[in-house]
Asker: 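Before we start, here is the structure in question, set down as structure tokens.
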Amino acid sequence: MHGKLAHWLAGRSGLRANDFLGAAAEHFEAAGDDANAAEFHARAAEHAKSRFAHQAVLSHVQRALELLNRQLPERNGELLRWRLLEARERALHLQGDRARQLSDIDALERSSPEALDDDRRRARVASLRARRLDRMGDFFGAEAAATQRWHGQRVRGRRNPPTRAADGGLGCGLSGQLDGCQSRCWRALWAKRGQKGFG
């Protein structure tokens with residue numbers, strides 16, 4: 001019965017479809033379907049993130065991670081783990097919980113190079129680290145974090161260095177565009193040194 005209800009809830013469509021994600025996850029979990037339960041907890045967490053419902057994000061992520069640690073296939077599990085950690089990192093960032101945020105960034109870094117082998121995700125980790133340090137006032141550390149990935153991309157010919165201070169902020173995202181990230185870190189660093197102007 002739990003399985004049937006879970007599939008019925010998962011198949012809902014329309015404007016309120018996302019409101020049933022958490023309920024579907026719970027019924028999948030009760031039915032012993034760990035794979036679908038973890039997936040729907042992840043979807044519920046991502047929906048809660050879009051509504052700034054931080055406690056719901058933390059709750060769904062925690063339950064999904066517990067399911068992931070049981071028996072999901074390694075690669076699918078790592079891809080789902082990435083989504084979960086990224087959702088929780090965002091919630092912790094907005095709550096100002098810098099210690100737990102750092103723990104999730106470190107976990108994302110351990111996942112992205114070896115398990116996922118994805119340069120865009122490596123760049124995302126660098127931008128998250130730079131953003132956290134920037135918000136803590138550590139402009140030197142933020143610049144170093146941004147520069148780390150930017151230099152790696154420059155060597156491979158994937159990016160050009162920023163040419164103007166207005167090139168962006170920390171919205172690097174999964175696109176791997178650390179130009180803007182580095183640009184903002186540099187602006188903050190130079191402002192702290194009391195200098196003006198960027199090329």
Side-chain angles (χ1 to χ4, degrees), residues 42 45-46 48-58 60-62 65 78-199:
E46 290 165 344
K49 182 181 75 170
S50 72
R51 295 183 294 112
F52 300 97
H54 305 314
Q55 290 307 314
V57 172
L58 300 182
H60 284 297
V61 169
Q62 182 61 37
L65 289 175
E78 288 300 336
L79 291 170
L80 186 54
R81 190 183 307 277
W82 173 277
R83 289 169 53 198
L84 292 164
L85 290 171
E86 189 174 37
R88 187 168 68 182
E89 186 279 337
R90 176 65 175 173
L92 295 172
H93 167 71
L94 293 174
Q95 288 182 316
D97 191 339
R98 302 303 176 205
R100 293 174 65 194
Q101 181 189 9
L102 177 59
S103 179
D104 278 352
I105 293 173
D106 289 341
L108 285 167
E109 187 168 48
R110 287 192 298 272
S111 292
S112 61
E114 292 81 13
L116 301 178
D117 192 22
D118 188 330
D119 281 343
R120 294 169 65 213
R121 286 185 169 84
R122 291 191 186 97
R124 177 62 173 160
V125 169
S127 74
L128 294 176
R129 200 175 292 282
R131 181 185 66 183
R132 174 182 175 274
L133 292 168
D134 179 70
R135 295 298 169 85
M136 295 174 67
D138 184 355
F139 303 124
F140 290 96
E143 187 228 2
T147 303
Q148 178 183 5
R149 177 49 45 191
W150 177 72
H151 278 314
Q153 291 178 326
R154 187 183 181 192
V155 167
R156 289 190 290 271
R158 297 183 181 180
R159 285 278 163 224
N160 295 317
T163 56
R164 300 188 307 275
D167 277 349
L170 288 175
C172 313
L174 277 174
S175 64
Q177 295 178 1
L178 290 192
D179 311 13
C181 186
Q182 182 160 333
S183 176
R184 175 172 171 179
C185 293
W186 280 353
R187 291 203 309 275
L189 181 62
W190 282 97
K192 187 174 181 181
R193 291 175 176 172
Q195 301 187 30
K196 297 182 180 178
F198 269 68

Asker: Would you compute the distance between atom CG of Asp106 and atom CG of Leu128 and round it to the nearest 0.5 angstrom?
Answerer: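 Reported to 0.5 Å precision, the distance equals 11.0 Å.
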Asker: Find the distance between CZ (Arg121) and CG (Leu79) and round it off to the nearest 0.5 Å.
Answerer: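 If I round to the nearest 0.5 Å, the distance is 6.0 Å.
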Asker: Can you name the residues that form a salt bridge (Lys or Arg N to Asp or Glu O under 4.0 Å) with Arg100, not counting sequence neighbours?
Answerer: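 In terms of salt bridge (Lys or Arg N to Asp or Glu O under 4.0 Å), with neighbours along the sequence ignored, Arg100 is linked to Asp97.
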Asker: What's the separation between atom CG in Asp138 and atom CZ in Phe140, rounded to the nearest 0.5 Å?
Answerer: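 It comes to 8.5 Å.
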Asker: Applying side chain to side chain contact (heavy atoms under 4.5 Å, CB included) to Glu86 and Asp104, what does each step give before you reach the verdict?
Answerer: CA-CA 8 Å; Glu86 189 174 37; Asp104 278 352; over 6 Å; no
Asker: Run the side-chain contact (heavy atoms from CB on, under 4.5 Å) test against Gln62 and tell me which residues pass, sequence neighbours left out.
Answerer: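 With neighbours one apart ignored, the set is Glu66, Arg88.
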Asker: Any chance you could measure Arg131, atom CZ, to Arg90, atom CZ, to the nearest 0.5 Å?
Answerer: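 So the gap between those two atoms works out to 5.0 Å.
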Asker: Determine, step by step, whether Val125 and Arg122 satisfy the side chain to side chain contact (heavy atoms under 4.5 Å, CB included) criterion, reporting the C-alpha distance in whole Å, the side-chain angles of both residues, the deciding distance to 0.1 Å, and the verdict.
Answerer: CA-CA 5 Å; Val125 169; Arg122 291 191 186 97; 5.8 Å; no
Asker: As an exercise, state the distance from CG of Leu80 to CD of Glu78, rounded to the nearest 0.5 Å.
Answerer: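 It is 10.0 Å, given to the nearest 0.5 Å.
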Asker: Would you mind checking if Arg124 and Glu89 are paired as a salt bridge, meaning a charged N to carboxylate O distance below 4.0 Å?
Answerer: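 No salt bridge links Glu89 with Arg124.
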Asker: Side chain to side chain contact (heavy atoms under 4.5 Å, CB included) between Gln95 and Gln55: does it pass, once the steps are laid out?
Answerer: CA-CA 10 Å; Gln95 288 182 316; Gln55 290 307 314; 3.1 Å; yes
Asker: Taking the side chain as everything from C-beta on, heavy atoms only, tell me whether Leu102 gets closer than 4.5 Å to Arg129.
Answerer: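 The answer is yes; the side chains approach within 4.5 Å.
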Asker: Say whether, by atom type as modelled, one donor and one acceptor occur between the side chain of Arg132 and the main chain of Arg98 under 3.5 angstrom.
Answerer: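 Flag set: sc Arg132 to bb Arg98 pair under 3.5 Å.
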Asker: How long is the span from the NZ atom in Lys49 to the NE2 atom in His60, to the nearest 0.5 Å?
Answerer: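 Going from NZ on Lys49 over to NE2 on His60, the span is 14.0 Å.
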Asker: Would you please name every residue forming a side-chain contact (heavy atoms from CB on, under 4.5 Å) with Ala91, sequence neighbours left out?
Answerer: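 In terms of side-chain contact (heavy atoms from CB on, under 4.5 Å), with neighbours along the sequence ignored, Ala91 is linked to His54, Val57, Leu58.
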Asker: Looking at every non-hydrogen atom in both residues, tell me the closest pair between Leu85 and Ala107 and how far apart they are.
Answerer: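 Heavy atoms of Leu85 and Ala107 come nearest at CD1-CB, 3.7 Å.
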